[in-house]
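Note on naming: letters A, B, ... go to the chains in the order of the sequence lines (proteins, then strands), and numbering restarts at 1 for each one. Since this is a predicted model, take the numbers as computed values, not measurements.
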Amino acid sequence: MRTNLCGELTQADIGRTVTVAGWVNRRREHGEHLAFVDLRDHSGIVQCVVDNTVDVRSEYVITVTGTVSQRPEGTVNENLATGQIEITEAEVTVLSTAEPPPFPLDERADDVDEMVRLRHRYLDLRRPRMQRNLRIRSQVNAAIRAAMVDQGFVEVETPMLMPTTPEGAREFIVPSRQRPGTFFALPQSPQLYKQLLMVGGLDRYFQIARCLRDEDLRADRQYEFMQLDLEMSFVEVDDVLSAVEVSVLDAAEAVTGVRPDPIPRMSWLEAMNRFGTDKPDLRFDMELVELTDVFAATEFKAFASAGSIKGINAIAAAADWGRNKLDGLTDTAKSFGAKGMVWLKVADDGSFESPVAKFLSETEQQELGKRLEANPGDLLLLIADEWHTTCEVLGELRNRMGRPPVSEGPFRYVWIVDFPLFVGVDAATGRPKAGHHAFCHPRPEDIDKLESDPMSVRAWAYDLVLNGWELGSGSIRIHDPELQQRVFTLLGIGPEEAESRFGFFLNPFKYGAPPHGGFAYGLERLAAILAGEENIREVIAFPKPQSGLDPMTGAPTEVEQSQLHELGLRVLPPPVD
RNA sequence: GGUCCCGUAGUGCAGUCUGGAGUGCACGCCGCCCUGUCAAGGCGGAGGUCGCGAGUUCAAAUCUCGUCGGGACCGCCA
């Protein structure tokens, strides 16, 4: 039907008779017998010189047969890849007519209400931006698959219909027709199956896996998303990180053409202390500065009782932050759990302008300025609280004060390692809560402390972070049933409950489970950052808005009574308030 | 479940604070003109439930309340 793509024609093709096919991007009429038609396909645009009696309009689907010709002098378009040439003596065949599109199919659609784009996604996809983003996704997939196969991994598909599991994210459930009243769950991840593949001797498994979680949607979260999921036998942390790193760097290089540097590692403790988060954005500094000892003997009541005091220096930001904005920032800090926030502006003479300056001694002020390297015009933000809250709140403030858009700046990957095995305490039971999941292996040198000091036990768990986004996480798993039960006991899960909740998963481990560990990372998140997009919807062909309702198909919809009957289901009337 | 922001021709906006007739602006669309344009140009035209519903008022796009839709975030996401 066609001999060439629109965007690939060059001066080397001059003189050739070609047929191209695509959509009419624009038509410019110049009288009875001359018009220019810009023909667009996924590869680009080429100008066709046609007789103006031909009736073609925007988005008509046509083929054009004609001669590739050098454009006359003075009519070359330097802004177009094919701007040196045009197709002359063009003969047009209309394959499909088209109504005018509801929004412009060029970069101007970047400003169009996203719902309009999503409602007509098939038109949005014609735009270069979306073509590029989906092709980036494809490049990422191809590079990852090649990297995994090359490293000896076996691609295995795991079931989409699986039992519900009590832990983790809310699941989508699917009613069973053959056993009315029972349900499958769609996988939050292939976690259970991939560990059983290790018991099954697959040695190295990977899957470009679809995961489904019935949680609220965000810029970086959809109901359904794709992960590179992998699991490896007879490995230690370094082996897993190395295998993942190869795939990520290969994918990044495939998209950007630049091989990123090897990914540095940072302990969870260091990340929290320096950046106030387990997903630090290393593209900018403004690190958290330790101040607890500075105020060890302070008279300032808000600081005197605090376990941890830290601060950040928003360099030269003082002028931008008036009283109202600072009050708003204080409210933000409080919404993240802080009891308050102290701000100090550095005046021209180096003194502090702050409601609390009068409560701080001369020595304290001097040391504070020194530690934060304060200069006139800087804005200092201080939080005093228990250590975890101090870090997290300042980490949030740091992001608000200095974080560039995702699309800017270099790609800064970092491994966060040595996560604590337990994070926080369950308010209801008083027991520690699993940080990653209940099957995560403690660091061997910390196992002695499991019962005596559980909160200090570090795990063989690790996250991969890129520009402040968590790409994924993984761990070395517990393969020893005795150690597993020790961890369960700490979590308040007795042997009987473990058997009833996780039996189908743990019993196989009695038959000879190899030491193993794995990882999974989100492909949309990686692709979005590589594409310079702030929102994963931009790298998904048919995403859902925050409501989770599909604006194009109308899903979810009601079903026929007969379908419900067959499934043994009845829909309750909506609750009346 | 919560906080904040947004909603005016097909699309992007001005108007809203400070109530006074939708001749509103640009792009797009339709018709005519136009032989070297490329976001072509010129002339003319069509196109509106100011998201929806109440309330206040002589009068509401504008003020108030509610509601629907969208976005960012908190909770949630082992």
Residues A:R57 and A:E59 bridged, charged N to O under 4.0 Å: no
Protein-nucleotide distance (A:R400, atom CZ; B:rU3, atom C1'), rounded to Å: 11 Å
Options B:rG70, B:rC29, B:rU11, nucleotide nearest the side-chain atoms of A:S58: B:rC29
Separation of the C1' atoms in B:rG47 and B:rU11, to the nearest angstrom: 13 Å
Nucleotides 34-43 of chain B: protein proximity per nucleotide (B base, S sugar-phosphate only, - neither; heavy atom, under 4.0 Å): BSBBBBB---
Pair assignment for B:rG19, Watson-Crick or G-U wobble, requiring both distances under 3.5 Å: none
Spacing of A:L329 atom CG relative to B:rC4 atom P, expressed in whole Å: 17 Å
A:S547 side chain near B:rG70 phosphate (N/O to OP1/OP2, under 4.0 Å): yes
B:rG70 OP1/OP2 closer than 4.0 Å to side-chain N/O of A:R117: no
Distance between P atoms of B:rA21 and B:rC27 (Å, rounded): 27 Å
A:F336 CZ - B:rU3 C1' separation (whole Å): 11 Å
Pairwise P distance, B:rU56 and B:rG15 [rounded to whole Å]: 29 Å
A:Q188 side chain near B:rC77 phosphate (N/O to OP1/OP2, under 4.0 Å): no
Test of ring centre spacing under 6.0 Å for A:F439 and A:F502: yes
Pairing partner of B:rU64 (Watson-Crick or G-U wobble, both distances under 3.5 Å): B:rA54
Comparing A:R221 and A:K544 on RNA chain B - which has the more 5′ nearest nucleotide: A:K544
Atom-pair distance (CZ on A:R170; P on B:rG1), nearest Å: 10 Å
Nearest-angstrom distance, P atom, B:rG66 to B:rU62: 16 Å
Over-ring placement of A:R398 relative to A:F284, 6.0 Å and 45° cut-offs: yes
Base partner of B:rU11, which must satisfy Watson-Crick or wobble distances under 3.5 Å: B:rA26
Donor + acceptor pair across side chains of A:R28, A:Q47 (<3.5 Å): yes
Exercise: do A:E496 and A:S500 side chains pair donor with acceptor under 3.5 Å: no
Proximity of A:H516 and A:F509 rings by center, below 6.0 Å: yes
A:E32 atom CD: more than 12 heavy-atom contacts under 6.0 Å: no
Side-chain N,O (A:R119) to OP1/OP2 (B:rG69) below 4.0 Å: no
Touch class at under 4.0 angstrom, heavy-atom based, for A:A438 against every strand present: nothing
Close aromatic pair by centroid cut-off 6.0 Å: A:W415 and A:F519: yes
Touch class at under 4.0 angstrom, heavy-atom based, for A:D216 against every strand present: base
Test: A:E224 and A:R210 ion pair at under 4.0 Å: yes
Between B:rA14 and B:rG71 - C1' atom distance, rounded Å: 22 Å
Separation between the C1' atoms of B:rC74 and B:rC38, rounded to whole Å: 49 Å
Watson-Crick or G-U wobble partner of B:rG69, both distances under 3.5 Å: B:rC6
B:rU23 to B:rG28 separation - P atoms, rounded to the nearest Å: 24 Å
Sugar-phosphate only, base, or nothing, as touched by A:N535 at under 4.0 Å among non-hydrogen atoms: sugar-phosphate
Distance in angstrom units between A:E533 CD and B:rA72 C1', rounded: 16 Å
Whole angstrom value for the distance that separates P of B:rG28 from CD of A:E99: 19 Å
Integer angstrom distance from the P of B:rG41 to that of B:rA26: 13 Å
Touch class at under 4.0 angstrom, heavy-atom based, for A:R218 against every strand present: base
Cationic N near anionic O, under 4.0 Å, A:D106 to A:R127: no
Integer-rounded Å distance: B:rC77 P and A:R525 CZ: 14 Å
Between C1' of B:rG12 and CG of A:D113, the distance in whole Å: 11 Å
Touch class at under 4.0 angstrom, heavy-atom based, for A:T165 against every strand present: nothing
